[in-house]
S.K.: 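Just passing along the structure, written as structure tokens.
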Amino acid sequence: MTIFDEKIDRLNTASVKWEATKEVFGEADLWPMWVADMDFKPPQAVIEAIQKRADHGVFGYTFIPESTKQAIQAWVLKRHGWSIDPSWLIYCSGVVQAISTAVQAFTEEGDRVLLQSPVYTPFFNMIEQNNRIVVNAPLILENDGYKIDYTRFEDALKSGCKLFLLCNPHNPGGRVWTKEELSRIGELCLKYNCLILSDEIHSDLVYKEYKHIPIASLTNDLSENVITCIAPSKTFNLAGLQASVAIIKNTKLRKQFDETLKRQGYFSLNTFGIIAMEAAYRDGEAWLEDLIDYLQENKQYALRFLQEHLPEISCVKPEGTYLLWLDCRKLGLSDEELRTALLQKGKLALEPGSKYGPGGEGFVRMNIACPKDYLIEGLKRLKNALK
């Protein structure tokens, strides 16, 4: 038994994952393996830091202290080998807010913004809701992993894209892009004067045979052309505390980004978000190493289960994240038929692949960041739904 085997009742905590299934799926009695948060407590050091601050009892206006900035700087250097300066940091409530802010700061209405589907749904939403044009250079699924179509990518850049939204590690496909892949797309963006926003929120959740590389760390030219977004929310299960960081070396870009945030009336993180972020990055590494080991075991169990019980379903090779991207196309079901089987027969809530844009049809996304017993229950329901 490990700390990650603990079964924590999350009902009556306003948990989106456990209590919003009626609103999202139309059914209340579903086993939730959909939204990307974990069923684990964060590191004990984070809980204790929050409790200590709560015990103080006064929650007035709060600034972000140097100790928090230093914790972020040390974390990025140790985990990813990237030396950043604390002056490069701009704070947001979440990475989605950072994406929207970048779209507003660096493009105009009617401008073209590039992405690669299938990809995290808010990429599409933040482009469209800000009245920009989505330009898609879809990824290629070969064997059991996604590849970049460089011809389509360059053609899209030639069409005049002002901003490219990169997802690394990739959600939902779990790819951890290599140095060679990042270098090539980075060079193309420089060639066509396209700014990069790199969503690296899953950068700490990489399986041990792979390595996350921040694209901004590759060359001086790229470091001046990239906005990198990170957060402790996925890594340490702190999404409800709403704290993230945009790392922007380029002084002009950083000023534009910050001014756009201020026009929205946004000035700082909440007190507990600051406290939790610092404690997680300062004291959470041992917990994270244990988490990755646990996720690796869950991943292997799920892959074995699929091979034995549902061989028609294949899984895109997960190199990072705690998400499995399941290819159900061989079942011959439409997206609606797949959804109905999961909800009605399996009583199982998974993310439908169609949410992630072209190329997501016939897929579902499963969150395996849960106690193993929860995973086993979910896999049984998947079998009941689709066998």
S.K.: Any Lys/Arg nitrogen of E181 or R175 sitting under 4.0 Å from an Asp/Glu carboxylate oxygen of the other?
M.R.: yes
S.K.: Between N168 and D199, is the side chain to side chain contact (heavy atoms under 4.5 Å, CB included) condition met? List the steps.
M.R.: CA-CA 6 Å; N168 183 34; D199 174 359; over 6 Å; no
S.K.: In chain order, what residues pass the side-chain hydrogen bond (donor to acceptor under 3.5 Å, both in side chains) check against S159, with sequence neighbours excluded?
M.R.: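 Per chain and number, S159 pairs via side-chain hydrogen bond (donor to acceptor under 3.5 Å, both in side chains) with R112.
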S.K.: So, T21 side chain and A28 main chain: donor-acceptor pair closer than 3.5 Å or not?
M.R.: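 Yes; at least one donor-acceptor contact below 3.5 Å.
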S.K.: Under 4.5 Å between side-chain heavy atoms, chaining through other members, with only Ile, Leu, Val, Met, Phe, Trp and Tyr counted: pull out the rest of the cluster around I8, sorted by chain and number.
M.R.: none
S.K.: Counting heavy atoms not belonging to N143, are there more than 12 under 6.0 Å from its CG?
M.R.: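 It does not: N143 CG has 12 such atoms or fewer within range.
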S.K.: Less than 4.0 Å between a side-chain N and a carboxylate O, is that true for R10 and D37?
M.R.: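 R10 and D37: salt-bridged.
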S.K.: Tell me, please, which residues at least two apart from D204 pass side-chain hydrogen bond (donor to acceptor under 3.5 Å, both in side chains).
M.R.: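 Applying side-chain hydrogen bond (donor to acceptor under 3.5 Å, both in side chains) to D204 gives W75, H80, T235.
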S.K.: For atom CD of E23, is the number of surrounding heavy atoms from other residues, nucleotides or ligands below 6.0 Å larger than 12?
M.R.: no
S.K.: I'd like to know if R304 and E308 make a salt bridge, using a cut-off of under 4.0 Å between side-chain N and carboxylate O.
M.R.: no
S.K.: Please find the pair of heavy atoms, one from A302 and one from L379, that lie closest to each other, and give the distance.
M.R.: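 Closest pair (atom of A302, atom of L379, distance): CA-CD1, 3.8 Å.
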S.K.: Do K17 and D39 sit within salt-bridge range, that is, some charged N less than 4.0 Å from a carboxylate O?
M.R.: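 Here K17 pairs with D39 in a salt bridge, since their nearest N and O are under 4.0 Å apart.
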S.K.: Assess whether salt bridge (Lys or Arg N to Asp or Glu O under 4.0 Å) is satisfied between K262 and D258, documenting all intermediate values.
M.R.: CA-CA 6 Å; K262 287 182 169 58; D258 192 42; 2.8 Å; yes
S.K.: Return the minimal non-hydrogen interatomic distance between W31 and L348, and the atom names on each side.
M.R.: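 Smallest heavy-atom distance, with atoms named: O-CD1, 3.4 Å.
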S.K.: Between M33 and L375, which heavy-atom pair has the shortest distance, and what is it?
M.R.: CE-CD1, 3.9 Å
S.K.: So does K69 pair up with E278, basic N to acidic O under 4.0 Å?
M.R.: no
S.K.: Quick one: side chains of residues 184-195, donor-acceptor pairs under 3.5 Å with protein atoms, not counting sequence neighbours, listed by atom name and distance.
M.R.:
| residue | atom | partner | partner atom | Å |
| --- | --- | --- | --- | --- |
| K191 | NZ | E154 | OE2 | 3.4 |
| Y192 | OH | E154 | OE2 | 2.6 |

S.K.: Please check if atom NZ in K208 has more than 12 non-hydrogen atoms from other residues, nucleotides or ligands closer than 6.0 Å.
M.R.: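 Counting neighbours around NZ of K208, more than 12 heavy atoms of other residues, nucleotides or ligands fall under 6.0 Å, so yes.
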S.K.: Go through the structure and list residues passing side-chain hydrogen bond (donor to acceptor under 3.5 Å, both in side chains) with K345, not counting sequence neighbours.
M.R.: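 side-chain hydrogen bond (donor to acceptor under 3.5 Å, both in side chains) check on K345 returns nothing, list empty.
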S.K.: Strictly below 4.0 Å, N to O, side chains only: are E128 and R132 in salt-bridge contact?
M.R.: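 No, E128 and R132 are not salt-bridged.
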S.K.: Using a 4.5 Å cut-off between side-chain heavy atoms of Ile, Leu, Val, Met, Phe, Trp and Tyr, which other residues end up in the same hydrophobic cluster as I140?
M.R.: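 Result for I140 is none, singleton.
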S.K.: For residues W287 and Y294, establish whether the separation of their ring centroids is below 6.0 Å.
M.R.: no
S.K.: Please lay out, stage by stage, how E259 and R254 fare under the test salt bridge (Lys or Arg N to Asp or Glu O under 4.0 Å).
M.R.: CA-CA 9 Å; E259 288 174 347; R254 189 168 64 249; over 6 Å; no
S.K.: Kindly give the cluster partners of F25, where membership spreads through any ILVMFWY side chain lying under 4.5 Å from a current member.
M.R.: V16, V24, L30, W34, V35, L343
S.K.: Among pairs that include at least one residue of residues 87-107, which meet ring pair (Phe, Tyr, Trp, His ring centres under 6.0 Å), considering only residues two or more places apart or in two chains?
M.R.: none
S.K.: How far apart are the closest heavy atoms of Q73 and D85, and which atoms are they?
M.R.: NE2-CA, 4.2 Å
S.K.: Classify the ring geometry between Y146 and H170 as parallel (under 30°), tilted (30 to 60°) or perpendicular (over 60°).
M.R.: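 Rings of Y146 and H170: tilted, as their planes differ by 30° to 60°.
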S.K.: Are there more than 12 heavy atoms of other residues, nucleotides or ligands under 6.0 Å from atom NZ of K330?
M.R.: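 No, because the 6.0 Å sphere around NZ of K330 holds 12 heavy atoms or fewer from other groups.
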S.K.: Pairs in or reaching into residues 359-378: which pass side chain to side chain donor-acceptor pair (under 3.5 Å), with residues at least two apart or in two chains?
M.R.: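 Every pair satisfying side chain to side chain donor-acceptor pair (under 3.5 Å) with a residue in residues 359-378: K7-D373, N171-R365, Y356-R365, E377-R381.
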S.K.: Which heavy atom of C315 sits nearest a heavy atom of D144, and at what distance?
M.R.: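 Looking at all heavy atoms of both residues, the closest pair is O-CB, 4.3 Å.
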S.K.: Within a strict 4.5 Å, meaning less than it, do heavy atoms of the Y207 and E319 side chains meet?
M.R.: no
S.K.: Is there any ring pair (Phe, Tyr, Trp, His ring centres under 6.0 Å) pair reaching into residues 239-268, and which pairs are they, with sequence neighbours excluded?
M.R.: none
S.K.: Suppose clustering is done on Ile, Leu, Val, Met, Phe, Trp and Tyr with side-chain heavy atoms closer than 4.5 Å. Which residues sit in the same group as V58?
M.R.: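 None, because no other hydrophobic side chain comes under 4.5 Å of this residue.
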S.K.: For a quick test of reading the model, state the closest non-hydrogen atom pair linking D111 to E108 and the distance between them.
M.R.: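 Residues D111 and E108, closest heavy atoms: OD2-N, 2.6 Å.
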S.K.: Salt bridge between E27 and K347, side-chain N to carboxylate O under 4.0 Å?
M.R.: yes
S.K.: What pairs with Y120 under side-chain hydrogen bond (donor to acceptor under 3.5 Å, both in side chains), at least two apart in sequence or on another chain?
M.R.: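 Testing Y120 for side-chain hydrogen bond (donor to acceptor under 3.5 Å, both in side chains), a comparison that skips the adjacent residues, returns none.
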